[in-house]
Colleague: 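Before I ask anything, let me first share the structure, which is written out below as structure tokens.
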Amino acid sequence: MNIFHTLQNKPERIRKRIFWVIIVIFSLILFIFWASDSIKRIDSFNIKEIKEKIDLSEVKENLNQISGNDTKKSIEGLKDKIKETENMADKANKYRQATSSQEQATSSRNVIPIVK
């Protein structure tokens, strides 16, 4: 308990320094344990067994087939969406033109000429 009483009697900046030194030391210890454990786990992998279990040639063929089919389908889908969007834009432009011409026609009919 004598250590705690002496720490309590120290100025606050010294207590903070001691606190941060302890935190850094514990952090370094934890990092060293983590790094050594990670190195052991990496070394324990048997790469040859993993390569034998996974036949990469089959995986590459499957990916090529999947990506080719999906790409064609997605491109066709995008083309369809572009056509739909263009049609909608055309319809919107025609609607704007029709409503603006109707507004101009109705506004010109409602104007009362002022004769001086």
Colleague: Can you name the residues that form a ring-ring contact (aromatic ring centres under 6.0 Å, His included) with W20, not counting sequence neighbours?
Modeller: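 Checked W20 against ring-ring contact (aromatic ring centres under 6.0 Å, His included); zero matches.
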Colleague: If you group Ile, Leu, Val, Met, Phe, Trp and Tyr by side-chain heavy-atom gaps below 4.5 Å, do I14 and I22 land in one group?
Modeller: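 Yes, because I14 and I22 connect within a single hydrophobic cluster, where side-chain heavy atoms sit under 4.5 Å apart.
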Colleague: From N9 CG over to F4 CZ, what is the distance, rounded to the nearest 0.5 angstrom?
Modeller: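 Reported value, rounded in 0.5 Å steps: 13.5 Å.
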Colleague: Taking all non-hydrogen atoms of both residues into account, name the closest pair between K10 and R15 and its distance.
Modeller: O-NE, 3.4 Å
Colleague: According to a hydrophobic-cluster definition based on side-chain heavy atoms being under 4.5 Å apart (Ile, Leu, Val, Met, Phe, Trp, Tyr only), do I29 and V21 belong together?
Modeller: yes
Colleague: Can you hop from I18 to I3 via hydrophobic side chains spaced under 4.5 Å?
Modeller: yes
Colleague: Show every side chain to side chain donor-acceptor pair (under 3.5 Å) that has at least one partner inside residues 84-95, sequence neighbours left out.
Modeller: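 Output for this query lists N93-R96.
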Colleague: Counting N and O atoms only, with roles assigned by atom type, does the side chain of D37 sit under 3.5 Å from a partner on the main chain of F33, one being a donor and the other an acceptor?
Modeller: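 Not at all, since once roles are kept as given, no pair shorter than 3.5 Å links the two residues.
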Colleague: Under 4.5 Å between side-chain heavy atoms, hopping through other hydrophobics if needed: is there a path connecting L7 to F26?
Modeller: yes
